[in-house]
Amino acid sequence: MEEKFEFLKENVERIREEMTRAALSAGRKPEEILLCAACKTRTVEMVKASAALPIDLFGENLVQELVEKTDAGAYLGKPGHFIGHLQTNKIRQVLGRASLIQSVDSQRLLLALEKEAAKRDLTQDILVEVNIGREESKTGILPEELWPLLELAGGQPHIRVKGLMAIPPAALGEKESRGYFAAMRKLFEQADTLGYPNQSMEVLSMGMSDDFANAILEGATLVRVGTAIYGPRYYPPKK
Ligand SMILES: *Cc1c(COP(=O)(O)O)cnc(C)c1O
């Protein structure tokens with residue numbers, strides 16, 4: 001590891017330890033929980049350095065960054081997921097690049113994905129993003145919209161629903177934060193019980209830098225961590 005990237009190693013080790021601790025205290029197997037590095041705004045060089053560490057996969061928010069980093073081999077062969085809001089006019093660049101689209105947040109997007117996947121004769125794995133905090137500012141479907149969406153997905157032969165994703169309200173106390181994660185887990189288990197076609201509830205994606213341990217305590221199988229791995233994000237001022 002190049003000296004300027006040594007900090008990544010320390011950060012990932014610390015996160016892995018915290019993940020293990022949370023898993024064990026919940027009576028879960030640490031190896032069942034995946035670490036997704038949320039690497040928006042990070043350079044190809046930095047992502048490559050991090051890919052040599054015990055990170056399981058990478059998550060991108062912007063189509064342009066997914067294209068750039070997959071085409072540059074930045075993940076060193078590890079999977080890349082799409083975790084941002086996906087516009088239907090950009091689907092073509094994401095299919096075939098993202099092994100899992102975590103952020104399906106409307107019936108319209110679901111149907112557009114089916115159409116494009118059918119055209120290419122492939123099956124696309126997705127998660128449904130739920131706006132569990134019912135925040136106006138956030139994407140994701142409302143909890144009560146989940147059942148009609150899963151029903152619709154069940155009729156799409158080129159879509160496989162692998163689970164749910166959520167970004168609960170930020171900066172809450174532990175109790176409130178765990179409450180949202182627990183509500184997600186309940187939806188996840190209910191969906192599994194209802195057993196829609198083309199669905200296998202395997203991935204519950206929730207928890208970020210500030211709250212991934214709480215998410216694991218409440219059943220997350222995949223946590224998406226950015227800042228705690230790479231440091232603060234820098235957004236250049238708009239010209
Ligand atoms: C940026 C981002 C994360 C990671 O956020 P951090 O607070 O930097 O850990 C996780 N999920 C999504 C969807 C993101 O956009």
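All figures in this text were calculated on a predicted structure; none of them were measured in a lab. Atoms within a ligand are numbered from 1 in the order they appear, just like the ligands themselves. One-based numbering along the sequence shown. Only this structure's heavy atoms are used, side chains among them; waters, hydrogens and symmetry mates stay out.
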Item to check | Nearest heavy atoms of D125 and S99, plus distance in Å | outcome: CB-O, 3.7 Å

Checklist entry - Heavy atoms under 4.0 Å from ligand 1: which residues qualify? => result A38, K40, N61, I83, I167, M208, S209, R224, V225, G226, T227, R233

Checklist entry - Taking only residues at least two apart or on different chains, which pairs with a member in residues 75-119 satisfy ring pair (Phe, Tyr, Trp, His ring centres under 6.0 Å)? => result F58-Y75

Checklist entry - Applying the side-chain hydrogen bond (donor to acceptor under 3.5 Å, both in side chains) test to E60, which of R42, R97, K69, K40 qualifies? => result K69

Item to check | Among R28, R185, K186, R178, salt bridge (Lys or Arg N to Asp or Glu O under 4.0 Å) partner for E218 | outcome: R178

Item to check | Single-linkage hydrophobic cluster, 4.5 Å side-chain cutoff, L187 and L149 together | outcome: yes

Next on the checklist: Between the side chains of E116 and R120, is the shortest nitrogen-to-carboxylate-oxygen separation below 4.0 Å, so that they form an ion pair?
Outcome noted: yes

